[in-house]
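Shown next, in structure tokens, is the structure this report addresses.
All of these numbers come straight from a predicted model, not from anything done at the bench.
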Amino acid sequence: MKRPLIAITGGIGSGKSYVCRLLEKRDIRVYDCDAAAKRLMRTSASLRQQLRELVGPQVYRGCILQKRVLAEFLLASEENKQAVNDVVHPAVAADFMASDYHWLESAILFDSGFHRRVSFDFVLCVSAPEHVRVSRIVNRDGISPERALEWIHRQMPQEKVETMSDFVILNDGIAPLEPQIDELLSKVSK
């Protein structure tokens, strides 16, 4: 029987990474889209070439990605951001599908359209109240609450992500996570 493909998503500060660590303690390996994109932009000659053609030759110095150059290009327009996504995301999706992972973590699964590149059986949204998310981001990144709110509001609204998902885990620091994970695993293994 084919094992289901499961995506984990949720906005910045929701605690996705923490939930992923809890899953890994249960021997469930989770593919990290951000880490994979960074690795592929470093190691894939094809991806480097596509980014050079899109952004310009200055995006790499030798084989080293010039993050500042890429960031400036991304922030210049929504079209630029989408163009980079259209180059990087297919490479990440192919890498995931060629791997032996069944679980994938992506903060911007729906925002970026990544959910259309892989046919997931289930999508899990990790959710937390906005004030909790702000507090986590401020503590983690050492930024102002106003800046944290800016980052939150750049992403798809959490309520919309929840409605597009099959399951929601509430990671508010109060509701116990283990029973929610037990219930999720019971449902996805049927």
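Atom CD of E183 has 12 or fewer heavy atoms from other residues, nucleotides or ligands within 6.0 Å. Counting non-hydrogen atoms of neighbouring residues, nucleotides and ligands closer than 6.0 angstrom, the CZ atom of R26 exceeds 12 such neighbours.
Within the 4.5 Å cutoff, the side chain of R117 has heavy atoms near those of the P90 side chain. You'll find the side chain of F73 stays beyond 4.5 Å of the side chain of V59, heavy atoms only. You'll find the side chain of V188 reaches within 4.5 Å of the side chain of I6, heavy atoms only. Within the 4.5 Å cutoff, the side chain of V84 has no heavy atoms near those of the N80 side chain. The closest side-chain heavy-atom distance from L70 to E72 is not below 4.5 Å. Contact annotation: the side chain of Q180 approaches that of I169 to within less than 4.5 Å [non-hydrogen atoms, C-beta and beyond]. Put simply, the side chain of F120 does not reach to within 4.5 Å of the side chain of D166, judged on heavy atoms. Contact check for K81 versus N85: side-chain heavy atoms found under the 4.5 Å cut-off.
Under a 3.5 Å cut-off, the side chain of K16 and the backbone N or O of V126 do not form any donor-acceptor pair. In this structure, the side chain of R48 engages the main chain of R42 through a donor-acceptor pair within 3.5 Å. Judged by distance alone, with hydrogens and angles left aside, the side-chain atoms of S14 form no donor-acceptor pair with the main-chain N or O of A128 at under 3.5 Å. For the pair Y31 (side chain) and D100 (backbone), a donor-acceptor distance under 3.5 Å is absent. Side chain of S135 to main chain of V132: no donor-acceptor pair is present (N/O by atom type, distance under 3.5 Å, no hydrogens or angles). Judged purely by atom type and a 3.5 angstrom limit, S189 uses its side chain to pair as donor or acceptor with the backbone of S186. Judged by distance alone, with hydrogens and angles left aside, the side-chain atoms of Q158 form no donor-acceptor pair with the main-chain N or O of M156 at under 3.5 Å.
At a threshold of 4.0 Å, the pair K187-D182 does not count as salt-bridged, since none of the basic side-chain nitrogens sits closer than that to a carboxylate oxygen. One finds a salt bridge joining R147 and E150 here, because a Lys/Arg side-chain nitrogen approaches an Asp/Glu carboxylate oxygen to under 4.0 Å. Between R3 and D121, no side-chain nitrogen of the basic residue sits less than 4.0 Å from a carboxylate oxygen of the acidic one, so the salt-bridge criterion is not met.
E162 and C125 get closest at one heavy-atom pair: CG-SG, 3.8 Å. Heavy-atom minimum distance, A91 versus L40: O-CD1, 3.7 Å. In terms of heavy atoms, F96 sits closest to V118 at CE2-CG1, 4.0 Å. In terms of heavy-atom proximity, I143 sits nearest to A148 at CD1-N, 3.6 Å. Shortest non-hydrogen contact noted between L5 and S119 is CD1-O, 3.9 Å.
Note on M164 and L104: same hydrophobic cluster, where clusters join Ile, Leu, Val, Met, Phe, Trp and Tyr whose side-chain heavy atoms are under 4.5 Å apart, directly or indirectly. Note on L47 and M97: same hydrophobic cluster, where clusters join Ile, Leu, Val, Met, Phe, Trp and Tyr whose side-chain heavy atoms are under 4.5 Å apart, directly or indirectly. When hydrophobic clusters are built by joining Ile, Leu, Val, Met, Phe, Trp and Tyr residues whose side-chain heavy atoms come closer than 4.5 Å, directly or via intermediates, F114 is grouped together with L74.
Checking Q82 against E78 by side-chain atom types alone, no donor-acceptor pair falls below 3.5 Å. Side-chain N/O atoms of E159 and T163 include no donor and acceptor closer than 3.5 Å.
Note that the CG atom of D34 and the CD atom of E105 stand 7.0 Å from one another [nearest 0.5 Å]. Taking CZ of R133 as the start and CG of D172 as the end, the distance is 13.0 Å to the nearest 0.5 Å. Interatomic distance, CH2 of W103 versus SG of C20, reported as 9.0 Å (0.5 Å rounding). In this structure, the separation between CZ on R136 and CD1 on I12 is 12.0 Å, given to the nearest 0.5 Å. S44 OG to Q49 CD: the interatomic distance, rounded to the nearest 0.5 Å, is 10.5 Å. Distance check: I137 CD1 to E130 CD gives 9.0 Å after rounding to the nearest 0.5 Å.
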Inset, instruction - Check step by step if side-chain contact (heavy atoms from CB on, under 4.5 Å) holds for V30 and Y101. - result: CA-CA 7 Å; V30 180; Y101 285 85; 5.7 Å; no
Inset, instruction - Would you check, one step at a time, whether the test salt bridge (Lys or Arg N to Asp or Glu O under 4.0 Å) holds for R39 with D95? - result: CA-CA 11 Å; R39 173 180 49 82; D95 188 66; 2.5 Å; yes
Inset, instruction - Give the intermediate values and the outcome of ring-ring contact (aromatic ring centres under 6.0 Å, His included) for residues F167 and F122. - result: CA-CA 8 Å; F167 303 101; F122 301 104; 5.6 Å; yes
Inset, instruction - Assess whether side-chain contact (heavy atoms from CB on, under 4.5 Å) is satisfied between L124 and L184, documenting all intermediate values. - result: CA-CA 9 Å; L124 162 67; L184 166 73; 3.6 Å; yes
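For the side-chain contact (heavy atoms from CB on, under 4.5 Å) with V123, the qualifying choice from V168, V161, L109 is L109, the only one to do so.
The aromatic rings of F110 and H115 lie perpendicular to each other, with more than 60° between the two planes, well past the 30° mark.
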